[in-house]
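What follows is a short report on a single structure.
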Amino acid sequence: MGYRKFSKRISQRTSDAMSKFVLAQDPETISFAGGLPDNNLFPVEELKYAYEEVLRTEGNCAFQYSSTMGDLKLRGLIGEQFFSKWGLTINPENIILTEGSQQALDLFGKLFLDEDDIALIEEPGYLGTIQAWSMFTSRLIGIPQDEYGINTDYLEDVLRNLDERVKVLYIVPDFSNPAGTCLVIERRKKILELSEKYDFFVVEDLAYSLLSYDTNTLPPLITISKSEKIITIGSFSKILSPGLRTGFIIANREVINALIRLKEASDLCSGTLNQKMIYQYWRLGFLEKHMEKLRKSYKEKRDALKTALENTFKTIAKWNYPQGGFFFFLTFPEWVDAYKLAEYALNNKTSFVPGEEFFVSQEGKNTARISFSQVPVDKVEEGVKRLIRAWEEYKEKEKEKITI
């Protein structure tokens with residue numbers, strides 16, 4: 001049939017990373033590719049109890065449509081509890097529930113971006129945002145990260161030198177995907193300053209903010225400033241279950257009203273039953289106990305991967321040391337093609353995601369995202385051994401084509 005019968009946006013940037021490296025694997029593969037929660041950590045019994053509580057208290061209403069904004073009780077609990085450690089309460093009228101944070105990103109593309117509009121993203125940045133926003137504009141610009149998060153000096157230079165206004169900036173301030181970085185407080189404040197000066201919105205994604213293993217999570221932008229240019233998104237995918245497909249957006253009322261119109265046209269409302277179940281699960285006190293279990297388990301996985309990498313790749317690559325989240329981000333020598341290396345890894349029954357997938361600047365060909373979230377602790381060392389075998393094979397077979 002051909003793409004000529006479809007809209008122009010279907011021809012925009014896409015990626016085969018999910019199907020090739022994350023999902024399409026045999027059972028013997030030890031996968032460092034997927035940034036997915038550990039299947040063994042889903043709190044099945046507590047979720048069953050919470051569902052039963054929904055049916056006991058809500059009855060048939062649990063199976064009806066919800067409002068487009070989502071379940072009021074869950075929005076109220078998010079507003080009361082999510083930012084309570086920073087002394088902030090959010091009015092539920094400033095919260096809208098979504099089908100995971102990915103729907104939020106799609107809605108932002110529709111809300112902010114026409115074909116020639118400029119949007120910014122930290123680089124390397126979340127692939128889901130790159131894919132979503134590339135559907136609406138070809139002018140997505142990457143702002144480099146270093147070990148302290150997005151480079152705000154570079155950001156300011158870009159803003160100063162552009163002839164046109166930037167519409168929106170996307171960041172993951174805590175333990176970012178894929179870089180694992182944490183944006184230092186000085187840069188958080190600088191972003192707030194720049195958003196006011198240059199009149200652009202900032203979308204902060206708190207997907208991993210509660211998964212901190214060594215230190216307390218730094219204050220989100222929304223807790224530092226009352227600026228109406230700050231939009232905050234979060235999700236229950238990493239801290240409870242991605243299958244529940246429940247996320248949220250916090251924004252000023254004008255933005256919320258616009259998002260209601262867009263969401264009505266998209267799906268009318270998100271799933272009522274799951275929203276009510278999450279509310280009961282949280283209300284019953286299960287969530288914080290579950291978070292303690294997650295932090296302990298993922299910290300153990302992270303530490304095992306750190307040790308294994310230090311024992312094998314220390315002279316081959318450099319990497320970050322994430323204090324939370326799911327990811328190590330490796331940088332190999334410039335001659336390395338990590339996409340080809342990933343093919344060798346698959347042949348050795350292990351996997352990772354080539355880092356170039358997370359760049360809009362066509363850079364990052366010598367980088368790799370390695371996730372520890374799904375790998376059992378007792379298989380981490382073997383998985384890294386397979387990676388080093390893949391490295392040795394790659395170096396041997398490619399050495400005639402490269403100059404080391």
Side-chain angles (χ1 to χ4, degrees), residues 12-18 20-22 32-36 101-102 105 118-134 137-155 157-158 168-184 187-188 191 202-209 211 233 238 302 305 309 313 317-334 336-342 345 351-373:
Q12 299 304 313
R13 172 178 173 151
T14 187
S15 169
D16 65 353
M18 182 63 72
K20 191 168 188 177
F21 300 110
V22 178
F32 296 104
L36 313 176
S101 59
Q102 191 62 37
L105 296 172
I118 300 174
L120 308 179
I121 181 173
E122 60 189 7
E123 187 173 69
Y126 176 47
L127 177 58
T129 306
I130 295 172
Q131 290 179 311
W133 289 4
S134 292
T137 181
S138 60
R139 303 181 72 186
L140 185 57
I141 300 174
I143 307 297
Q145 293 198 65
D146 58 26
E147 61 185 306
Y148 304 109
I150 190 171
N151 187 325
T152 49
D153 289 338
Y154 189 100
L155 171 62
D157 285 342
V158 169
V168 60
L169 164 69
Y170 172 86
I171 59 171
V172 182
D174 303 310
F175 326 122
S176 69
N177 180 2
T181 55
C182 187
L183 186 64
V184 295
R187 294 189 181 184
R188 295 177 191 231
I191 287 174
V202 179
V203 174
E204 61 167 347
D205 188 341
L206 305 184
Y208 305 94
S209 294
L211 295 174
I233 64 175
K238 304 302 188 297
R302 181 206 59 182
L305 181 55
L309 288 173
F313 280 90
K318 297 179 180 179
W319 56 83
N320 63 311
Y321 178 57
Q323 295 185 327
F326 288 171
F327 310 108
F328 283 74
F329 196 71
L330 275 61
T331 301
F332 293 93
E334 290 187 4
V336 174
D337 184 334
Y339 211 100
K340 289 183 179 179
L341 179 58
S351 61
F352 62 86
V353 179
E356 67 180 277
E357 296 285 347
F358 306 98
F359 287 76
V360 295
S361 63
Q362 309 303 310
E363 297 185 5
K365 293 185 182 300
N366 62 326
T367 63
R369 189 192 77 176
I370 297 184
S371 173
F372 52 83
S373 58

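Remember, predicted model here, so these are calculated numbers, not experimental data. For the numbers below, each heavy atom of this structure counts, side chains included, while hydrogens, waters and symmetry mates do not.
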Using 0.5 Å steps for rounding, measure from the CG atom of Leu183 to the CD1 atom of Ile191.
5.0 Å
Would you say the side-chain atoms of Glu123 pair up with the backbone N or O of Val360, donor to acceptor, closer than 3.5 Å?
yes
Under a 4.5 Å cut-off applied to non-hydrogen side-chain atoms, are Leu206 and Pro173 in contact?
yes
Provide the closest heavy-atom pair for Leu140 versus Ser134 in the form atom of the first, atom of the second, distance.
CD2-OG, 4.0 Å
Measure across Ser371 and Gly34 and return the closest heavy-atom pair with its distance rounded to 0.1 Å.
OG-O, 3.0 Å
N/O donor-acceptor pair under 3.5 Å between Gln145 side chain and Pro124 backbone:
yes
Report, one line per pair, each donor and acceptor closer than 3.5 Å where one atom sits in a side chain of residues 319-326; sequence neighbours left out.
residue, atom, partner, partner atom, Å
Asn320, OD1, Phe329, N, 2.5
Asn320, ND2, Ala179, O, 2.8
Tyr321, OH, Arg302, NH2, 3.1

Which residues satisfy the salt bridge (Lys or Arg N to Asp or Glu O under 4.0 Å) test with Arg369, sequence neighbours excluded?
none
Donor-acceptor under 3.5 Å (Ser373 side chain, Leu36 main chain):
yes
Looking at every non-hydrogen atom in both residues, tell me the closest pair between Leu305 and Ile370 and how far apart they are.
CD2-CG2, 3.8 Å
Donor-acceptor contact below 3.5 Å, side chain Ser176 vs main chain Val172
no
Nearest heavy-atom approach of Tyr154 to Gly142 is CE2-O, 4.3 Å
Sequence-distant partners of Gln102, side chain to side chain contact (heavy atoms under 4.5 Å, CB included), two or more places apart
Leu105, Tyr126, Ala132, Arg245
Could you tell me the separation between the CD1 atom of Ile143 and the CG atom of Asn151, rounded to the nearest 0.5 Å?
8.5 Å
Donor-acceptor pair, side chain of Asp174 and main chain of Tyr208, under 3.5 angstrom
no
Contact check, side chains of Tyr339 and Glu357, non-hydrogen atoms, under 4.5 Å:
yes
Distance (rounded to the nearest 0.5 Å) between Phe328 CZ and Phe313 CZ:
13.0 Å
So how far is it from Thr129 OG1 to Ile121 CD1, rounded to the nearest 0.5 Å?
4.5 Å
Is there a side-chain contact between Trp133 and Val168 in this structure, where contact means two heavy atoms from C-beta onward sitting under 4.5 Å apart?
yes
Check the pair Leu309, Leu330 against side chain to side chain contact (heavy atoms under 4.5 Å, CB included), reporting the backbone distance first and the verdict last.
CA-CA 10 Å; Leu309 288 173; Leu330 275 61; 4.3 Å; yes
Which value, rounded to the nearest 0.5 Å, describes the distance between Thr367 atom OG1 and Phe358 atom CZ?
8.5 Å
Check whether any side-chain heavy atom of Leu169 sits under 4.5 Å from a side-chain heavy atom of Leu155, and report yes or no.
yes
With rounding to the nearest 0.5 Å, note down the distance linking CZ in Phe175 to SG in Cys182.
5.0 Å
